[in-house]
**Q** 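Next up is a structure, given as structure tokens.
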Amino acid sequence: MLSRLVLVSGHTLKNSGSFGACLVQASRSFHQSSQSLAPVPPLPEKGGKVRHGIFPEELFTLLYPKTGVTGPYMLGTGLLLYMLSKEIYVINHETFAAASIGAVVIYGVKKFGPSVTGIVSADKFDVDKVAKAQEVKDQAMASLAQGIEDEKKEQWRVEGRHMLFDAKRNNVAMLLETNYRERLHMVTNEVKKRLDYQVELQNLHRRMEQEHMVNWVEQSVIKSITPQQEKESIAKCISDLKVLAKTTQARASV
């Protein structure tokens with residue numbers, strides 16, 4: 001009777017749409033692809049809750065809406081009785097050995113599990129791995145932040161490049177203006193020197209002409225004087241000198 005009840009209840013639940021939806025929801029909760037859900041949620045650090053050491057809590061939660069609180073236990077008991085009544089599973093000496101070994105294992109896990117876990121624990125390795133990963137992440141973030149700052153600085157330099165080019169253009173224009181004025185000044189000095197040379201050359205010509213005219217007039221005058229006129233002129237000069245000497249002596253005696 002129990003086996004028939006289990007078969008009938010299992011067939012009914014299998015054919016019902018709500019059970020299929022529950023199975024789909026459970027499968028989606030356990031298996032989530034990156035295509036349907038992005039980004040993929042991180043893996044849990046600890047396992048889910050279980051009952052009696054091996055039965056997951058989700059199984060009971062799945063059967064509660066249809067069978068109630070005692071449904072999972074009745075289902076498990078019915079399956080066990082069905083397997084025993086149909087001799088699918090036969091109780092023999094191996095069953096008692098497995099039960100004894102299971103009891104010893106459960107006792108050892110309950111008794112020595114916490115202490116062994118404190119000595120040999122994967123959490124420490126996980127903490128070290130997480131610390132190393134965080135350090136690598138921090139270094140990468142620092143490098144990326146420095147790269148962003150460098151890029152902003154380069155963009156700022158590119159924006160100031162127009163001002164730099166304007167300043168360079170102004171400097172080039174000032175250099176060209178300076179060269180132009182220096183050459184203009186050089187040309188002015190050269191022209192002034194040549195004009196001064198022409199003025200000095202004309203003055204020299206005029207002075208030489210004057211000297212030549214004076215010499216010519218003097219020579220002409222000298223040539224025009226006769227020896228008689230020269231003697232008379234000398235005598236006149238001597239007489240004038242004597243008169244001047246007497247006048248000077250008379251003034252000195254007075």
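Fair warning: this is a prediction, and the values are worked out from it, not measured in the lab.
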**Q** Given the rule in the salt bridge (Lys or Arg N to Asp or Glu O under 4.0 Å) test, do Lys153 and Asp150 qualify, once you have shown the distances and angles that lead to the verdict?
**A** CA-CA 5 Å; Lys153 186 180 292 184; Asp150 295 338; 5.1 Å; no
**Q** Is it true that Arg194 and Glu190 make a salt bridge, defined as a side-chain N closer than 4.0 Å to a carboxylate O?
**A** no
**Q** So, His185 versus Asn189: side-chain donor-acceptor pair below 3.5 Å or not?
**A** yes
**Q** Is there a side-chain contact between Tyr89 and Leu80 (heavy atoms, below 4.5 Å)?
**A**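 They are not in contact (no side-chain heavy atoms under 4.5 Å apart), so the answer is no.
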**Q** Can Leu184 be reached from Val191 by stepping across I, L, V, M, F, W or Y side chains whose heavy atoms are under 4.5 Å apart?
**A** no
**Q** Are any of the side-chain heavy atoms of Lys49 and Phe60 separated by less than 4.5 Å?
**A** no
**Q** Please check if atom CD in Glu87 has more than 12 non-hydrogen atoms from other residues, nucleotides or ligands closer than 6.0 Å.
**A** no
**Q** Going by an N to O cut-off under 4.0 Å, is there a salt bridge joining Asp196 and Lys193?
**A**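 No salt bridge links Asp196 with Lys193.
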**Q** Hey, does Lys152 have a side-chain heavy atom less than 4.5 Å from the side chain of Ile148?
**A**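 Of all side-chain heavy-atom pairs linking Lys152 with Ile148, at least one is under 4.5 Å.
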**Q** Which residues satisfy the salt bridge (Lys or Arg N to Asp or Glu O under 4.0 Å) test with Arg183, sequence neighbours excluded?
**A** none
**Q** Can you confirm whether more than 12 heavy atoms, excluding those of Tyr73, are under 6.0 Å from its OH atom?
**A** yes
**Q** Could you walk me through whether Glu177 and Arg181 pass salt bridge (Lys or Arg N to Asp or Glu O under 4.0 Å), step by step?
**A** CA-CA 6 Å; Glu177 183 68 19; Arg181 292 185 178 276; 3.0 Å; yes
**Q** Compare all side-chain heavy atoms of Leu75 with those of Thr67 and state whether any distance is below 4.5 angstrom.
**A** no
**Q** Would you find a donor on one side and an acceptor on the other, under 3.5 Å apart, between the side chain of Asn92 and the backbone of Thr95?
**A**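 Yes, the answer is positive, given that a donor and an acceptor are paired below the 3.5 Å cut-off.
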**Q** Look only at the side chain of Thr178 and the backbone of Met174, and say whether a donor-acceptor pair between them is shorter than 3.5 Å.
**A** yes
**Q** What side-chain hydrogen bond (donor to acceptor under 3.5 Å, both in side chains) pairs are there with at least one residue in residues 205-216, not counting sequence neighbours?
**A** Asn203-Arg206
